[in-house]
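The structure displayed is predicted, hence computed values, not measured ones. Counting begins at 1 with the first residue of the sequence.
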Amino acid sequence: MERPNMQKVEKFVPEINKVYFIERHTLIHILSGKGSIQVDFKNYFDWQEKAIFLEKGQYIKFLSDDFVVRRIEFSNQNKFYSDEVRVLFKHLISLGYIDLLECDECSAFLSEATLTEHSADIIDVSSKQWYWQNPFKANKEEYQVIFDTKEIIDAEYANNLSSNDLVGLINERGYSAQALLKNKIGLSVKNLMGAKRLQEGLKEVAFTDKNIQEISFELGLKDDAYFNRIFKNATGQTPKQFRKNFDFENRDLFTQDILRLLQKYHTEERSLAFYAD
């Protein structure tokens with residue numbers, strides 16, 4: 001494989017609750033830290049000695065003050081659109097990562113000297129490890145169909161296509177993806193399209209001052225009332241409420257997560273253990 005040119009390697013202690021926007025393909029190596037992190041409005045836990053792969057347009061936020069991380073930014077962007085490497089960066093239902101402690105070939109990159117001198121190699125090593133982990137229990141050909149479909153959704157989500165239109169577009173390119181997606185990741189093309197639109201909508205609401213009608217139009221939705229409805233169903237708040245409550249420089253989503261769970265399950269669940277889990 002072609003080696004990506006290393007742009008920058010930086011070891012640092014991130015500020016708690018600060019939003020770090022990703023400007024180019026980036027590897028975040030969690031050296032230490034017991035708290036949670038947030039990527040694109042989802043919170044994750046237990047990340048020590050894991051390598052997280054993020055692409056331009058995402059963000060990461062550290063929700064405790066004990067993290068030490070190494071950030072590697074790469075300048076050769078063409079590298080990351082190859083079939084073999086994109087699996088690290090095109091997140092489907094969760095956050096992609098490699099556990100460096102579980103990978104013998106990765107262990108060399110735990111030393112600071114190796115990461116500084118040979119950082120480009122970690123991408124190829126991580127790709128091999130990702131396929132070995134095989135998170136969706138698929139073969140390589142099936143992975144290519146899954147991630148080709150994801151790329152089509154990323155390109156077409158704002159073009160006001162119906163689910164049938166999207167499936168037709170995918171099938172035109174020679175992919176029979178609907179059953180494969182359902183079988184391997186448990187989601188339909190419609191689910192993936194909805195998740196993509198919601199994620200982009202959350203970013204626009206949280207990080208811009210665009211009005212809701214403008215955001216709805218840019219997402220390819222028929223009207224802002226429909227956007228308000230699907231947004232509130234997903235978050236428990238209207239877009240305006242979410243924007244008012246979400247201070248992207250200082251606030252995490254823990255309280256919002258709890259409120260959303262309470263709103264959804266308060267008639268069925270009263271156990272603190274349920275909401276803690």
Side-chain angles (χ1 to χ4, degrees), residues 1-12 14 20-33 37 39-40 42 44 46-62 67-155 184-185:
M1 283 188 181
E2 175 193 359
R3 285 164 57 98
N5 297 319
M6 185 183 69
Q7 177 72 11
K8 181 170 66 174
V9 179
E10 176 188 19
K11 182 179 177 181
F12 73 108
Y20 291 89
F21 292 104
I22 304 302
E23 300 296 335
R24 55 175 54 88
H25 285 84
T26 299
L27 185 157
I28 302 287
H29 175 203
I30 307 296
L31 298 172
S32 62
I37 63 173
V39 175
D40 293 348
K42 293 183 180 179
Y44 301 91
D46 185 24
W47 288 98
Q48 188 166 344
E49 294 299 3
K50 291 182 172 63
I52 303 168
F53 304 89
L54 302 173
E55 63 179 350
K56 183 177 180 179
Q58 296 189 279
Y59 78 84
I60 187 168
K61 186 160 82 165
F62 299 85
F67 280 102
V68 178
V69 307
R70 186 176 285 117
R71 176 170 55 193
I72 306 173
E73 296 180 337
F74 299 97
S75 60
N76 181 3
Q77 298 302 291
N78 291 333
K79 165 77 174 183
F80 302 101
Y81 297 102
S82 75
D83 289 349
E84 296 297 308
V85 170
R86 64 180 175 172
V87 295
L88 298 171
F89 295 90
K90 287 285 181 185
H91 308 308
L92 284 163
I93 55 177
S94 189
L95 183 61
Y97 70 91
I98 298 297
D99 190 331
L100 297 176
L101 295 178
E102 290 182 353
C103 169
D104 291 339
E105 199 173 354
C106 300
S107 60
F109 294 93
L110 296 176
S111 75
E112 186 166 351
T114 303
L115 269 173
T116 302
E117 297 169 10
H118 305 288
S119 296
D121 294 338
I122 191 62
I123 294 298
D124 292 339
V125 171
S126 296
S127 297
K128 289 167 59 178
Q129 179 69 6
W130 194 93
Y131 281 109
W132 179 84
Q133 289 175 183
N134 196 7
F136 300 137
K137 304 297 185 290
N139 61 44
K140 280 200 173 184
E141 290 75 18
E142 290 171 330
Y143 273 119
Q144 301 318 325
V145 173
I146 291 169
F147 282 93
D148 282 346
T149 302
K150 177 64 166 64
E151 289 192 345
I152 292 172
I153 289 172
D154 287 349
K184 296 300 181 181
I185 65 175

Considering only heavy atoms from C-beta outward, does the side chain of Ile37 approach that of Ile52 to under 4.5 Å? yes
dist Trp47:CH2 -> Asp99:CG (nearest 0.5 Å) comes out at 9.5 Å
d(Asp40 CG, Leu54 CG) to nearest 0.5 Å is 7.5 Å
Should His29 and Ile72 count as side-chain neighbours, where that means a heavy-atom distance under 4.5 Å? no
Of all the heavy-atom pairs spanning Ile98 and Ser126, show the shortest one and how long it is. CD1-O, 3.4 Å
Sequence-distant partners of Tyr143, ring pair (Phe, Tyr, Trp, His ring centres under 6.0 Å), two or more places apart: Trp130, Tyr131
Mind checking what makes ring pair (Phe, Tyr, Trp, His ring centres under 6.0 Å) contact with Phe89, not counting sequence neighbours? His25, Phe53, Phe80
pair Lys42-Leu95: side-chain heavy atoms closer than 4.5 Å: no
Run the salt bridge (charged side-chain N to carboxylate O under 4.0 Å, His left out) test against Arg86 and tell me which residues pass, sequence neighbours left out. Asp83, Asp148, Glu151
Under the side chain to side chain contact (heavy atoms under 4.5 Å, CB included) rule, collect the residues that match up with Glu142, sequence neighbours excluded. Ala138, Asn139, Leu180, Lys184
Specify the closest pair of heavy atoms between Pro14 and Phe62, including all atoms of both residues, with the distance to one decimal. CB-CD1, 3.4 Å
Could you pull out the closest heavy-atom pair between Glu102 and Gln129, with the gap in Å? O-NE2, 3.8 Å
Distance col, row Tyr44:OH vs Ile30:CD1, nearest 0.5 angstrom, shows 13.0 Å
Residue list, salt bridge (charged side-chain N to carboxylate O under 4.0 Å, His left out) with Glu141, at least two apart or on another chain: none
Determine, stepwise, if the pair Leu100 / Ile122 fulfils side chain to side chain contact (heavy atoms under 4.5 Å, CB included). CA-CA 10 Å; Leu100 297 176; Ile122 191 62; 4.3 Å; yes
With sequence neighbours left out, write down each residue that passes salt bridge (charged side-chain N to carboxylate O under 4.0 Å, His left out) with Asp154, or none if nothing qualifies. Lys90, Lys150, Lys196
Would you name the heavy atoms of Ile22 and Glu55 that are closest together and state the gap between them? CG2-O, 3.4 Å
